[in-house]
Enquirer: 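Just passing along the structure, written as structure tokens.
Chain letters run A, B, ... following the sequence lines, proteins first, then strands; residues in each count from 1.
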Number of protein chains: 2
Amino acid sequence: MSNIQDVAKLSGVSVATVSRTLNNPEVVSEKTRKKVLKVVEEINYYPDSLAKNFRTRKTYMIVVLVPDIANPFFSRVIRGIQNTAHLNNYSILLGDTQSQISIEESYAKMVIAKQADGIIQLSAHFPLKDEMLKRYSHEKLPIVNICECLDGDIVPTIQLDNIGAAKTMTSHLIELGHKHIGVVTGPAKSPLTKDRLAGYRLALEEAGLSFDDNLIRTGDFSVKSGRDTADEFLGMSQVPTSVFCFNDEMAMGVCQRFKEAGISVPEYISVAGFDDINFASLHSPSLTTIRQPAEEIGKAAALQLYNILRGIPPSERHIVFPFDLITRDSTGPARKS
Amino acid sequence: MSNIQDVAKLSGVSVATVSRTLNNPEVVSEKTRKKVLKVVEEINYYPDSLAKNFRTRKTYMIVVLVPDIANPFFSRVIRGIQNTAHLNNYSILLGDTQSQISIEESYAKMVIAKQADGIIQLSAHFPLKDEMLKRYSHEKLPIVNICECLDGDIVPTIQLDNIGAAKTMTSHLIELGHKHIGVVTGPAKSPLTKDRLAGYRLALEEAGLSFDDNLIRTGDFSVKSGRDTADEFLGMSQVPTSVFCFNDEMAMGVCQRFKEAGISVPEYISVAGFDDINFASLHSPSLTTIRQPAEEIGKAAALQLYNILRGIPPSERHIVFPFDLITRDSTGPARKS
DNA sequence: CTGAAAGCGCTTACAG
DNA sequence: CTGAAAGCGCTTACAG
């Protein structure tokens with residue numbers, strides 16, 4: 001369609017002035033501005049972003065790397081990111097990685113190739129680390145790692161107080177009289193697993209209860225892994241009186257299996273989750289869980305990256321968000337026996 | 001970092017040859033190719049997409065306009081889109097519109113401004129219609145409308161056989177002896193509501209049952225609207241023996257309210273959903289519903305748009321996908337009375 | 001098979 | 001406040 005030259009010709013000014021009118025109106029005289037804007041309106045001129053981005057070296061795109069977009073917790077985080085990004089004129093480039101490193105890398109390349117300005121990474125990886133560190137200084141590295149975060153100070157992070165949340169949930173169960181609390185963790189190498197397990201141990205210690213390694217089972221955050229570990233708990237000589245799952249999906253899987261086995265939750269065994277996804281409250285029994293401020297985390301991430309991209313180093317490089325313990329029907333007093 | 005000139009200098013060829021080596025290797029002699037690729041490797045050269053896209057007038061970005069990314073059905077569709085798009089070197093620009101026209105339009109502008117090549121639209125709108133029609137011919141209009149589709153042939157569409165699906169679900173209930181089947185629709189103006197209602201009526205007609213307008217309640221696809229209509233059904237002089245909800249969330253809302261009112265599903269009243277979201281099978285009772293091939297729909301959409309962008313007009317402009325009736329525990333024989 | 005050169009549509013010092 | 005001009009890093013006819 002029409003370009004900046006057409007607008008210039010039709011309004012009898014130079015392309016420079018058209019450009020200024022559109023990008024720095026205050027620097028142009030009112031008369032000129034009006035003349036130009038009228039023509040822009042008339043011929044329905046839209047500046048060519050391809051040219052503009054090329055010229056300014058910016059894309060106004062942010063890659064969001066998420067292990068699985070169909071995960072309801074992640075999708076809330078993404079909504080938070082996108083709302084805030086959009087307000088600042090940035091768009092979200094969705095990178096559903098299915099946890100595959102090669103896919104993560106192919107998206108990270110987009111930053112190097114200037115198809116995107118930065119990355120918000122929802123898992124504890126740093127794709128193309130060497131390449132990125134070579135190209136950006138510590139301060140300007142356009143990456144924000146959220147939800148499941150790398151240790152150290154290599155990238156800015158934003159996450160829940162996972163230790164505190166797991167400690168609080170465990171204490172909640174202890175207060176209900178539970179002494180044998182099974183756990184279904186995430187993948188062994190996940191920082192989430194490490195932190196939440198640490199919180200669990202802290203609560204036990206505080207209550208003077210001993211830690212039993214046998215009660216700890218490794219899941220992978222899927223419903224199925226919850227189902228599978230449920231069987232393991234039921235097979236124990238001393239079946240735990242409660243199970244703390246490190247996300248809601250696994251808690252639902254555990255509940256489902258218990259239901260099939262004719263075991264009642266929470267009468268015989270309590271089950272707790274983590275995240276407070278939408279369906280946690282619709283579940284039967286409704287799930288006791290930890291609420292994460294998902295949208296706020298997303299919002300904070302977008303803001304953090306936005307600042308980095310504008311050259312403003314974040315005042316806090318590692319933000320920790322508070323949680324809420326949500327008690328519902330899936331946890332109750334420990335059974336006698 | 002380094003640009004195509006650096007590569008040219010270091011490998012002793014022209015920039016044109018470097019460009020060809022990277023984009024049309026077969027046209028370059030093997031010797032030259034090797035020389036160039038070696039340098040590319042050595043200095044870790046990544047072509048500048050900003051320049052490349054500007055030059056070629058392509059962005060390899062597709063805007064996906066979705067009313068709500070946190071909706072689990074939509075997120076599966078998006079996953080399908082993104083997987084297929086990624087295979088064809090396209091990336092997804094996520095546009096969570098919250099059903100706001102202004103947000104839809106701001107994303108649609110990205111296509112006009114060449115920040116994206118095309119749009120996949122998950123609701124029955126056509127943002128910036130006049131502007132788009134002015135700029136593109138019927139054949140080349142880079143839009144694919146899926147899931148909830150506009151009537152007519154203005155844009156290519158991909159959707160479920162909604163009429164057939166609703167008819168099948170209704171027939172399923174009729175076979176179970178239900179004669180008073182309540183319905184919770186989507187918004188009145190939604191084509192989904194219209195089509196599914198048509199399917200419902202077809203099934204009634206086929207069974208010789210009369211259509212009762214009073215049994216039709218308007219929802220908005222939210223859990224809450226399900227809850228609200230549940231009360232309306234319970235307040236009727238003749239409470240229906242089953243309720244067919246036009247999505248799973250509303251079915252869950254209906255069930256939740258029934259549960260609170262001490263009414264058992266499916267013994268007193270059957271409840272059916274639509275979509276078969278992940279949690280439908282985890283729900284208590286597990287939901288009878290219609291499975292939509294969400295990822296395939298997304299995949300087909302990505303393919304359709306890909307062809308349009310390559311200048312290949314789709315062989316079918318309006319694709320209809322088959323459904324599956326999934327019978328679970330939330331529907332059963334109609335109660336006597 | 002390769003190179004010289006034009007040009008994509010903007011923005012931005014620089015000069016006035 | 002405005003204009004002439006350079007230039008961003010590529011691709012692509014065109015010529016050889």
Side-chain angles (χ1 to χ4, degrees), chain A residues 1-40 43-61 89 109-117 135, chain B residues 1-40 43-61 89 109-117 135:
Chain A
M1 298 284 290
S2 45
N3 61 22
I4 199 170
Q5 299 243 38
D6 301 328
V7 179
K9 253 175 244 157
L10 287 168
S11 41
V13 299
S14 70
V15 295
T17 296
V18 175
S19 175
R20 289 190 198 103
T21 304
L22 265 16
N23 299 308
N24 280 319
E26 67 283 3
V27 90
V28 175
S29 79
E30 195 185 334
K31 197 169 143 226
T32 310
R33 205 191 314 149
K34 281 195 171 154
K35 207 163 52 181
V36 172
L37 290 178
K38 184 153 163 281
V39 172
V40 166
I43 68 171
N44 245 305
Y45 167 67
Y46 284 76
D48 184 316
S49 307
L50 246 21
K52 187 169 181 165
N53 294 346
F54 170 51
R55 214 15 258 260
T56 58
R57 310 300 304 152
K58 302 190 76 181
T59 65
Y60 292 96
M61 298 278 174
N89 273 310
K109 269 183 197 144
M110 299 183 80
V111 174
I112 295 177
K114 294 303 297 168
Q115 292 221 71
D117 296 339
R135 285 161 199 264
Chain B
M1 300 284 289
S2 45
N3 61 23
I4 198 169
Q5 300 241 38
D6 300 328
V7 180
K9 252 175 244 155
L10 287 169
S11 41
V13 299
S14 70
V15 295
T17 297
V18 175
S19 174
R20 287 188 199 105
T21 306
L22 264 17
N23 299 306
N24 279 318
E26 68 282 2
V27 90
V28 175
S29 80
E30 194 184 334
K31 197 167 144 227
T32 309
R33 204 190 315 148
K34 281 195 172 152
K35 208 164 49 182
V36 173
L37 291 177
K38 184 151 164 281
V39 173
V40 166
I43 68 172
N44 244 307
Y45 167 68
Y46 284 77
D48 184 315
S49 307
L50 246 23
K52 188 168 178 165
N53 294 346
F54 170 52
R55 214 15 260 259
T56 57
R57 310 300 303 152
K58 302 191 79 182
T59 64
Y60 292 96
M61 298 279 174
N89 273 309
K109 269 184 196 141
M110 300 184 79
V111 173
I112 294 177
K114 294 303 300 168
Q115 293 221 70
D117 296 339
R135 284 161 199 266

Enquirer: Round to a whole Å and report the spacing from CD of Gln5(A) to C1' of dG9(C).
Expert: 8 Å
Enquirer: Assign Asn53(A) to base, sugar-phosphate, or nothing according to its heavy-atom contacts below 4.0 angstrom with the strands shown.
Expert: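 Result for Asn53(A) = nothing.
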Enquirer: Taking all non-hydrogen atoms of both residues into account, name the closest pair between Ser14(B) and Ala8(B) and its distance.
Expert: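 For Ser14(B) and Ala8(B), the tightest heavy-atom pair comes out as C-CB, 3.8 Å.
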Enquirer: Is it the case that over 12 heavy atoms from other parts of the model lie below 6.0 angstrom from the NZ atom of Lys38(B)?
Expert: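 Atom NZ in Lys38(B) is not packed in, count stays at 12 or less.
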Enquirer: For DNA chain C, report each stem as range with range, ordered by first number, or say none. Use Watson-Crick or G-U wobble pairs under 3.5 Å, at least 3 in a row.
Expert: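 In DNA chain C, stems of three or more pairs: C:1-3 with D:14-16, C:5-12 with D:5-12, C:14-16 with D:1-3.
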Enquirer: When rounded to the nearest Å, what value does the distance between C1' atoms of dT12(C) and dG16(C) take?
Expert: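 The same atom, C1', in both gives a distance of 16 Å.
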Enquirer: It should be established whether Thr17(B) places a side-chain nitrogen or oxygen under 4.0 Å from OP1 or OP2 of nucleotide dT2(C).
Expert: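 For dT2(C), neither OP1 nor OP2 has a side-chain N or O of Thr17(B) closer than 4.0 Å.
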Enquirer: Please report the distance, rounded to the nearest Å, between CD in Glu30(A) and C1' in dT2(D).
Expert: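 Whole-Å distance recorded here is 17 Å.
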Enquirer: Tell me which of Arg20(B) and Pro47(A) sits closer to the 5' end of DNA chain C, going by the nucleotide each one is nearest to.
Expert: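 Comparing both residues, the 5'-ward one is Arg20(B).
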Enquirer: Establish, with yes or no, whether the OP1 or OP2 oxygen of dC8(D) is under 4.0 angstrom from a side-chain nitrogen or oxygen of Asn3(B).
Expert: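 It does not, given that no N or O in the side chain of Asn3(B) lies less than 4.0 Å from OP1 or OP2 of dC8(D).
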Enquirer: Starting at atom NZ of Lys35(A), determine the distance to atom P of dG3(D), rounded to an integer number of angstrom.
Expert: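 Answer to the nearest Å: 8 Å.
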Enquirer: Give a yes or no on whether the backbone of Val28(A) and the side-chain of Thr32(A) come within a donor-acceptor separation of less than 3.5 Å.
Expert: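 Not a single qualifying donor-acceptor pair exists.
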Enquirer: Rounded to whole angstroms, how far apart are NZ on Lys52(A) and C1' on dC10(C)?
Expert: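 Atom-to-atom, Lys52(A) to dC10(C), this comes out as 9 Å.
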Enquirer: Under the criterion side chain to side chain donor-acceptor pair (under 3.5 Å), I'd like the reasoning laid out for Thr59(B) against Asp117(B): C-alpha separation, chi angles, the key distance, then a yes or no.
Expert: CA-CA 6 Å; Thr59(B) 64; Asp117(B) 296 339; 2.8 Å; yes
Enquirer: So if I take every side-chain heavy atom of Val15(B) and compare against dA5(C), dG9(C), dG9(D), which nucleotide ends up nearest?
Expert: dA5(C)
Enquirer: Any idea which heavy atoms bring Arg135(B) and Asn44(A) closest together, and the distance?
Expert: NH2-O, 2.8 Å
Enquirer: To the side chain of Asp48(A), which of dA4(D), dC10(C), dG3(C) is closest?
Expert: dC10(C)
Enquirer: Return yes when atom OH of Tyr60(B) has more than 12 non-hydrogen atoms of other residues, nucleotides or ligands closer than 6.0 Å, and no otherwise.
Expert: no
Enquirer: Quick test of the criterion, 5.5 Å between centres and less than 30° between planes. Is Phe54(A) stacked on dC10(C) or not?
Expert: no
Enquirer: For Ser29(B), report the nucleic acid contact type (base, sugar-phosphate, nothing); a contact means any heavy atom under 4.0 Å.
Expert: sugar-phosphate
Enquirer: In this structure, how many angstroms lie between the C1' atom of dG9(D) and the CD1 atom of Ile43(B), rounded?
Expert: 14 Å
Enquirer: Between Asp48(B) and Arg57(A), is there a salt bridge with N-O shorter than 4.0 Å?
Expert: yes
Enquirer: Contact between Asn53(A) and Phe54(B) at the side-chain level, heavy atoms closer than 4.5 Å - yes or no?
Expert: no
Enquirer: Are Tyr45(B) and dC10(D) close enough that a side-chain N or O sits under 4.0 Å from OP1 or OP2?
Expert: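 Answer yes for this pair, as a side-chain N or O of Tyr45(B) is under 4.0 Å from OP1 or OP2.
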Enquirer: Looking at the side chain of Ala51(A), which of dA5(C), dT2(C), dC10(C) is the nearest nucleotide?
Expert: dC10(C)
Enquirer: Does any donor-acceptor pair link the side chain of Arg55(A) with the base of dG9(D) at a separation under 3.5 Å?
Expert: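 By the distance-only test, no, there is no pair.
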Enquirer: Please report, rounded to the nearest Å, how far the C1' atom of dC1(D) is from the CD atom of Glu26(A).
Expert: 12 Å
Enquirer: Over how many whole Å does the gap from Lys114(B) atom NZ to dC10(C) atom P extend?
Expert: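 One finds 13 Å between P of dC10(C) and NZ of Lys114(B), rounded.
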Enquirer: In whole angstrom, give the distance that lies between atom CG of Leu50(B) and atom P of dG9(C).
Expert: 16 Å
